[in-house]
Amino acid sequence: HPGHPSGEHGAMERRLRVGILGAARNVPFSVLEPIRNNADLAGKIDVMGIASLEQKDAETAAKGWGIAKAYKNFEELLQDPSIDGVYNVLPREVRASWTVRALMAGKHVLSETPLGVNAAEALLAQRAAEDAGRVLVEGTHPKCHPVTKRVREMIMQGKVGCLEHIDLNLPVGHGLDGKMICSRAGAMMSLGCHGVAIVRALAGEEPRVISATAQPSKENPEVDITMSCNLRMPGGAAAHIGCSVALDSKESPSVFTITGAGGCIRVKEWFTGKGRSSNEIALEQFDESGERFIERIDNPQVRDTFYFMLMTFITEIRDQERRQEVGMPWSYGQTKGPADAVLNMATIDAVYKAAGMKPRSSSTPLPEPYNRIGHSKL
């Protein structure tokens, strides 16, 4: 495949050749559309093929979505030497297992969020990435968007004074899986995984869970239809995350509000589903003038959260390759690596416990030696 200029390095880098594990409904808008709509991204990545549990599903997806090859099964894709990395959009229950298998096959992995169903699975996936010397990135796409990064920058600049409170509400439309799948997975696993990641990114600290309340599903009491949790940062700031997979929330946009001693930041329709985001940040300062400012991020509409997620994954790989230190915990620069996903899942496990629910248990064993803590090669 033709290369592309790598800018400051002046060399020609070939495109990252990616296979997709799973024919999930979000593949067109989370992978294919950002590539088709952005020439710079298209110059950095090739989607080579797709594999699904059933070959006929992969063939249908490949034909319908314009993907070159449908593999017979997951193993065939992972054994293809022309594939550099995979995007794992398989169901949560089997996701970590196939992420580990992909890493063991020498592939870089971009995993759908969450990385696994609990912190133990995420930790084992991290160990597999380190052992394999491959990049593992959890695709928490809202964190990659310039609006999220700018809000964090504004907090750091003291625009709201000393940070006091972060409030984040995520409706079912935020989820990628569709309303029916979200309702089976539950609010925390479908939406709260993003909520916790966003709060941690904005605060720049690791929160402690103070309390949580869940509304269980009538059909399955182990599934949370809504989850409301309160967190506390080591520096004193508090946070509230509310998420719902109730169908009556489907038209609501994601909203977050950051309050400090000296002001307030609001991003009203920050995320409206399928990667679309507001580029407008409202800042109100509580000084004598009580000034209000509207800041707009200069970002084309075609550059949605998935564009930035894919760019982050590719750049992480290329940066680590240039430094010749691939997959090590200290090698990550564009992201915080899989260690960040482990901390995110540990917080989610703690939210379940605080709400009187059991953290999700593993149902699919990971391949040896990653089938239990302490049995990795490290």
Side-chain angles (χ1 to χ4, degrees), residues 26 91-92 112-119 138-143 145 147-148 151 165-203 207-232 238-258 266-278 305 341 343-360:
N26 62 290
R92 293 165 185 80
E112 187 55 86
T113 309
L115 197 58
V117 298
N118 52 49
E138 184 180 43
T140 316
H141 55 99
K143 286 201 310 183
H145 197 277
V147 168
T148 310
V151 171
H165 195 266
I166 298 172
D167 189 72
L168 177 62
N169 283 288
L170 301 176
V172 69
H174 178 100
L176 301 185
D177 297 324
K179 300 170 189 66
M180 293 309 295
I181 295 177
C182 280
S183 65
R184 290 197 297 268
M188 200 65 204
M189 199 57 75
S190 298
L191 309 169
C193 54
H194 281 173
V196 171
I198 293 159
V199 166
R200 290 175 54 246
L202 293 177
R208 182 166 53 91
V209 178
I210 302 300
S211 63
T213 306
Q215 177 194 338
S217 164
K218 292 177 182 176
E219 292 77 20
N220 183 355
E222 294 184 2
V223 172
D224 49 316
I225 295 298
T226 66
M227 181 70 81
S228 175
C229 61
N230 296 296
L231 313 174
R232 179 75 65 181
H240 170 262
I241 301 169
C243 45
S244 172
V245 292
L247 296 183
D248 59 9
S249 75
K250 65 182 179 180
E251 301 302 326
S252 304
S254 301
V255 176
F256 73 63
T257 306
I258 293 94
R266 292 184 181 89
V267 184
K268 186 181 178 184
E269 295 193 352
W270 165 68
F271 192 93
T272 52
K274 294 191 176 180
R276 294 186 298 270
S277 174
S278 166
T305 58
L343 292 169
N344 216 57
M345 283 308 307
T347 304
I348 291 166
D349 288 353
V351 169
Y352 279 128
K353 290 176 183 176
M357 301 180 74
K358 290 182 180 178
R360 298 299 167 90

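Side-chain atoms are counted along with the backbone in the values below, which use heavy atoms only and exclude waters and symmetry mates.
- Under a 3.5 Å cut-off, the side chain of Thr148 and the backbone N or O of Pro142 do form a donor-acceptor pair.
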Go through it in stages, so that I can follow the logic: the residues are Lys353 and Val209, the test is side-chain contact (heavy atoms from CB on, under 4.5 Å), and I'd like the CA-CA distance, side-chain angles, deciding distance and then a yes or no. CA-CA 10 Å; Lys353 290 176 183 176; Val209 178; over 6 Å; no
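- With hydrogens and angles ignored, the 3.5 Å screen pairs a side-chain donor or acceptor of Asp349 with a backbone N or O of Ala119.
- Between Arg208 and Leu231, every side-chain heavy-atom pair lies at or beyond the 4.5 Å cut-off.
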Please determine whether side-chain contact (heavy atoms from CB on, under 4.5 Å) holds for the pair Cys243 and Met189, giving the CA-CA distance in whole Å, both sets of side-chain angles, and the decisive distance to 0.1 Å. CA-CA 10 Å; Cys243 45; Met189 199 57 75; over 6 Å; no
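- Without hydrogens or angle criteria, Ser228 side chain to Thr213 main chain gives no donor-acceptor distance under 3.5 Å.
- Salt bridge status for Asp224 with Lys358: absent, with no side-chain N to carboxylate O gap under 4.0 Å.
- When side chains are defined from C-beta on, Val267 does not count as touching Val255, because their heavy atoms never get closer than 4.5 Å.
- Put simply, the side chain of Pro114 does not reach to within 4.5 Å of the side chain of Met188, judged on heavy atoms.
- Two residues are said to be in side-chain contact when any heavy atoms from C-beta on lie closer than 4.5 Å; His165 and Ile258 fail this criterion.
- Under the 3.5 Å distance criterion, with hydrogens and angles disregarded, a donor-acceptor pair is assigned to the side chains of Asp167 and His240.
- Side chains of Val151 and Phe256 form a contact here, defined as non-hydrogen atoms less than 4.5 Å apart.
- In this structure, Val351 and Met227 have side chains that are in contact, with non-hydrogen atoms separated by less than 4.5 Å.
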